[in-house]
Amino acid sequence: MTINRRNVLMTAAAGALAAPFIRPGMARAADFSYKIANNQPLEHPSNVRLQEAVAAILEQTSGSVDIQIFPSNQLGADTDVLGQLRSGGVEFFQLSPIILSTLVPNSSINGVGFAFPDYDTVWKAMDGELGAYERGQIENAGLVVMDKIWDNGFRQTTSSTKPITTPADLEGFKIRVPVSPLWTSMYTAFGAAPASINFAEVYTALQTGIVDGQENPLAIMKVAKMWEVQKYLSMTNHMWDGFWLLGNRRAWGALPEEAQQIVADNFNAAADKQRADVMALNASLRGELEAEGFTFNEVDPKPFEDKLREAGFYAEWKKTYGDEAWAILETAIGRTLV
Ligand code: X2X
């Protein structure tokens with residue numbers, strides 16, 4: 001890949017976006033030294049697959065595009081890094097669409113409680129019309145987004161005080177939720193006491209008893225060692241969550257087209273592999289988490305969904321998202337929620 005005057009100028013215009021960066025042993029300085037941030041530790045499949053992708057990108061661009069990974073909220077809590085992504089302080093960021101809704105309101109629609117019955121339905125929706133709808137909303141808000149969403153998983157509920165088996169168990173329950181109106185609204189509908197806390201502070205919040213519970217997919221329970229600060233794990237499967245791989249528009253536009261293609265192809269291929277890894281983990285981790293000390297219980301989702309319906313949760317969010325978006329969701333899941 002050659003660097004021509006045009007993209008040198010574009011790079012200069014983009015400020016410090018592409019300061020040359022030389023790694024020991026590298027034959028040449030990279031033309032583009034970019035950062036990618038996320039909230040996961042290095043051992044989560046997100047970062048395992050991301051490391052492979054950035055290595056392939058470096059090689060396939062002959063050293064021109066060098067993307068460094070900043071895992072575990074090293075660059076800040078999710079809602080802060082979203083600000084950095086918009087300003088260009090970080091070039092790429094993996095973020096839950098539900099948290100992203102603090103900037104792109106309708107991007108949280110995949111997180112509507114109890115909407116998705118299984119992974120099959122999730123991937124058809126997110127690789128189909130629902131995903132395309134969310135990406136359109138994200139692009140309208142001025143961000144770049146890769147085609148393939150990465151998997152976080154179906155979310156389960158943990159507690160230090162009692163297992164959650166019925167909606168009544170959530171009444172008055174102090175539960176940490178990620179920063180997003182959809183999460184707060186759902187737990188408010190259950191009569192719980194949700195507290196919006198970024199992932200970077202969750203472990204401490206549980207340890208110090210600011211909250212009694214939290215909810216996350218099993219793969220996160222494992223990498224975050226949740227058993228150290230939680231006792232009960234209830235398989236509520238209450239929502240499906242993923243990570244969009246987002247880009248800053250100026251930083252993306254500064255890349256030559258050929259490099260954009262290489263970056264997108266590798267990120268999207270990595271997403272496919274990460275999905276397989278995370279699905280396998282979410283299906284197989286129960287035994288390991290029990291051995292670490294978690295007490296599991298199964299949950300019938302029906303009374304939870306009924307409770308949300310009675311509380312007007314679905315009707316309210318249909319109004320908030322609008323008829324067009326809601327119809328795409330209901331078509332994707334093959335049933336009506338309101
Ligand atoms: O913050 C969380 O709980 C996490 C890790 O699941 C998300 O990124 C939404």
Side-chain angles (χ1 to χ4, degrees), residues 36-50 69-82 85 90 92-104 107-113 116 122 126 134 138 145 149-159 174-187 192 194-207 210-227 229-230 233-234 236-246 271 274-275 277-279 281-282 285 289:
I36 182 162
N38 61 47
N39 63 17
Q40 296 309 299
L42 269 180
E43 64 271 21
H44 189 279
S46 292
N47 283 319
V48 173
R49 295 305 183 180
L50 206 50
I69 303 169
F70 291 81
S72 298
N73 291 119
Q74 277 176 11
L75 298 183
D78 284 333
T79 47
D80 298 332
V81 180
L82 182 57
L85 179 76
V90 59
F92 295 108
F93 181 33
Q94 286 171 304
L95 183 65
S96 152
I98 312 175
I99 300 175
L100 178 60
S101 73
T102 55
L103 172 69
V104 185
S107 73
S108 64
I109 191 161
N110 62 268
V112 168
F116 285 99
V122 165
M126 299 312 290
E134 286 189 16
I138 294 167
V145 56
I149 193 164
W150 299 47
D151 189 22
N152 189 356
F154 281 89
R155 301 182 75 93
Q156 319 298 350
T157 310
T158 67
S159 158
K174 288 192 286 178
I175 184 166
R176 172 271 173 169
V177 293
V179 182
S180 165
L182 182 67
W183 258 298
T184 307
S185 157
M186 186 173 92
Y187 285 97
S196 298
I197 298 173
N198 270 298
F199 187 66
E201 283 95 46
V202 170
Y203 187 94
T204 310
L206 293 165
Q207 196 173 34
I210 290 173
V211 286
D212 293 328
Q214 64 88 43
E215 43 82 61
N216 250 304
L218 295 191
I220 303 269
M221 311 289 190
K222 166 137 167 67
V223 294
K225 297 186 168 38
M226 292 289 185
W227 59 84
V229 287
Q230 295 280 272
L233 202 163
S234 306
T236 47
N237 284 301
H238 52 277
M239 62 219 274
W240 177 82
D241 193 13
F243 299 107
W244 283 120
L245 201 164
L246 307 167
Q274 187 267 8
R275 288 179 186 183
D277 296 342
V278 174
M279 281 192 287
L281 278 178
N282 284 337
L285 275 177
L289 291 167

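Since the model is a prediction, treat every value here as computed from it, not as a measurement. All ligand and atom numbering here is 1-based and tracks the order in the structure.
- Residues satisfying the salt bridge (charged side-chain N to carboxylate O under 4.0 Å, His left out) test with Asp241, not counting sequence neighbours, are Arg155.
- Evaluation of the salt bridge (charged side-chain N to carboxylate O under 4.0 Å, His left out) rule for Asp277 yields Arg49 as partners, not counting sequence neighbours.
- By the salt bridge (charged side-chain N to carboxylate O under 4.0 Å, His left out) test, Lys222 pairs with Glu288, sequence neighbours left out.
- Side-chain N or O atoms of Asn282 include one that pairs as donor or acceptor with a backbone N or O of Ala219 at under 3.5 Å.
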Under 3.5 Å: N or O atoms of ligand 1 paired with protein N or O:
from, atom 1, to, atom 2, distance (Å)
ligand 1, 1 (O), Arg176, NH2, 2.9
ligand 1, 3 (O), Arg155, NH2, 3.0
ligand 1, 3 (O), Arg176, NH1, 2.7
ligand 1, 3 (O), Asn216, OD1, 3.2
ligand 1, 3 (O), Asn216, ND2, 2.9
ligand 1, 6 (O), Asn152, ND2, 3.0
ligand 1, 6 (O), Arg155, NH1, 2.9
ligand 1, 6 (O), Arg155, NH2, 3.3
ligand 1, 6 (O), Asn216, OD1, 2.5
ligand 1, 8 (O), Asn39, ND2, 2.8

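- Put simply, the side chain of Asn73 reaches to within 4.5 Å of the side chain of Phe199, judged on heavy atoms.
- Side chain of Asn47 to main chain of Gln40: a donor-acceptor pair is present (N/O by atom type, distance under 3.5 Å, no hydrogens or angles).
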